[in-house]
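Input: a single structure, listed below in structure tokens.
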2 protein chains.
Amino acid sequence: MPAGTGQDPTDEYGIPIIPDPADAASRKRRAIIDAALAEFLAEGYSAASMDAITAKSGVSKATIYKHFGSKERLFLAVVGGLLPRTYADLAPAGATIAAAPDVRTGLVRHASELARILLRPEIMSLRRLVIGEIDRFPQLGQLWYRVTYDMNNGPLIEALTELTAAGALHVPDPELAVQQLVAATVGIPQLVQTFAPATEPDATALTATIESGVDLFLARYAARS
Amino acid sequence: MPAGTGQDPTDEYGIPIIPDPADAASRKRRAIIDAALAEFLAEGYSAASMDAITAKSGVSKATIYKHFGSKERLFLAVVGGLLPRTYADLAPAGATIAAAPDVRTGLVRHASELARILLRPEIMSLRRLVIGEIDRFPQLGQLWYRVTYDMNNGPLIEALTELTAAGALHVPDPELAVQQLVAATVGIPQLVQTFAPATEPDATALTATIESGVDLFLARYAARS
DNA sequence: GTCTATATTGGGATAGAC
DNA sequence: GTCTATCCCAATATAGAC
């Protein structure tokens, strides 16, 4: 069927549906971003092909270049745009801890939340991609680090500082303590998943690891009674 | 100058030096490996060019293909061959700890040794490369993990087990404890260097981080007196 | 704004002489 | 075993019609 004979689609009354051009452009932009993300995650930056992104997105290559200018800019827009959203549904550490019956439970819950997010296969793939392309795109490394700080470490530092002021903990260097807490809990399964993505994570073992990490933390930083 | 007129080089007595063919081939092989490693570390697998490796190594492209068959096999040979050597000059954990006046000093010394090796820029680059190519070469991820275990975690587990048997420590789960110790010491600066390679590591801060991590570990696992 | 068709470069791999 | 010269394909990016 020749493409030239296509007519505007009509609704149930026969009224032609003229798509809002702005919305059409937005939808195409979204389709490009989705296709590009899938391709970059699967292939890495260099092996990713603009032809493949073209095919997956359903728009033409020229349109992609009109929107994003170059492969580099497309990569930065897609990956850089996704980074701030990676931690989007992480509840603030302070709230999680305050809602718990005791500090240990609060820390375990927060670390479990963090693990649930960071160990998701898409986030793990994104992290591997960013690490692998850091020499080419140092901005992404800095962005990743800042997002981690703003969404997790920063709030946790605040929470530990307040708990220390309230006498519930004794944490002289909250920034270092947060790094230790994260490393000794989520950091351990994260390292395994980084090098062995095919390994199925075991929920029971994950909980045990996180609880043990929190206990390690509390053995040092619990307030002396 | 036409290449056809080249003569064998002679020594100081005019005796032609005929290079041992096996040695010549070995030297070329070594030159290829060195050039390929530099190129792969700088560009990643996909962006690395066999032409660039040809130029850097000083041999012809056909020779590289005779030796290694394909780009993939060259990559695996070069990176896979280097992995076991990364930990080559790490003293066994047991020896380092046994030679120290006390357990804390021994653990700090071992962690510092480990950090000295793992934070070297070439090792950090190699690690980033392996992580970024894990979807394409899962073997390298498994190899990295096994080398880490054989050269560091395994011996450390043994050492902690012996120290527990001797009553110097109380470590119920040595495998988990080793992961915690490594994560809370070397893991922290390693994470920073992973995402921010340009950051100059501060030796004083590194020592403080490692000592704090060991103290964290001992707060939980020191034998109860 | 969007498409089709194409320009142009560079890369992996090999044939054949020596 | 090694080199020179080349094949062939795929990739980024763009020109021009609509």
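- In this structure, B:Arg73 places its CZ atom where only 12 or fewer heavy-atom neighbours from other residues, nucleotides or ligands lie under 6.0 Å away.
- Under the 4.5 Å side-chain criterion, counting only non-hydrogen atoms from C-beta, A:Ile131 is not in contact with A:Arg128.
- Atom CZ in B:Arg29 sits about 15 Å away from atom C1' in D:dT2, given to the nearest Å.
- In this structure, A:Thr63 does not reach the C:dT2 phosphate: none of its side-chain N or O atoms is under 4.0 Å from OP1 or OP2.
- Using a 4.0 Å heavy-atom distance criterion, A:Ser49 is classed as a sugar-phosphate-only contact.
- Classification of the A:Tyr45-A:Phe40 ring pair by plane angle, with boundaries at 30° and 60°, yields parallel.
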Take nucleotides 13-18 of chain C nucleotide by nucleotide from the 5' end and write B, S or -, depending on whether a protein heavy atom sits under 4.0 Å from the base, only from the sugar-phosphate, or from neither. BBB---
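- Nucleic acid contact class of B:Ala52 (heavy atoms, under 4.0 Å, all strands): none.
- The closest side-chain donor-acceptor pair between B:Ser212 and A:Gln180 falls under 3.5 angstrom.
- Checked against D:dC3, D:dA11, C:dT2, the side chain of B:Val59 finds its nearest nucleotide in D:dC3.
- Distances from the side chain of B:His67 to the nucleotides D:dT12, D:dT2, C:dT4 place D:dT2 closest.
- Rounded to an integer number of Å, the gap from CZ of B:Phe68 to P of D:dG1 is 12 Å.
- Looking at heavy-atom distances under 4.0 Å, B:Ala48 makes contact with sugar-phosphate atoms alone, never a base.
- Between B:Ile64 atom CD1 and D:dG1 atom P the separation is 16 Å, expressed in whole Å.
- Within the structure, the salt bridge (Lys or Arg N to Asp or Glu O under 4.0 Å) test picks out the following pairs touching residues 44-54 of chain B (sequence neighbours left out): B:Asp51-B:Lys61.
- Rounding to whole angstrom units, OH of residue A:Tyr45 and C1' of D:dA11 are separated by 11 Å.
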Step-by-step side chain to side chain contact (heavy atoms under 4.5 Å, CB included) determination, A:Tyr65 to A:Leu74: CA-CA 9 Å; A:Tyr65 276 91; A:Leu74 175 61; over 6 Å; no
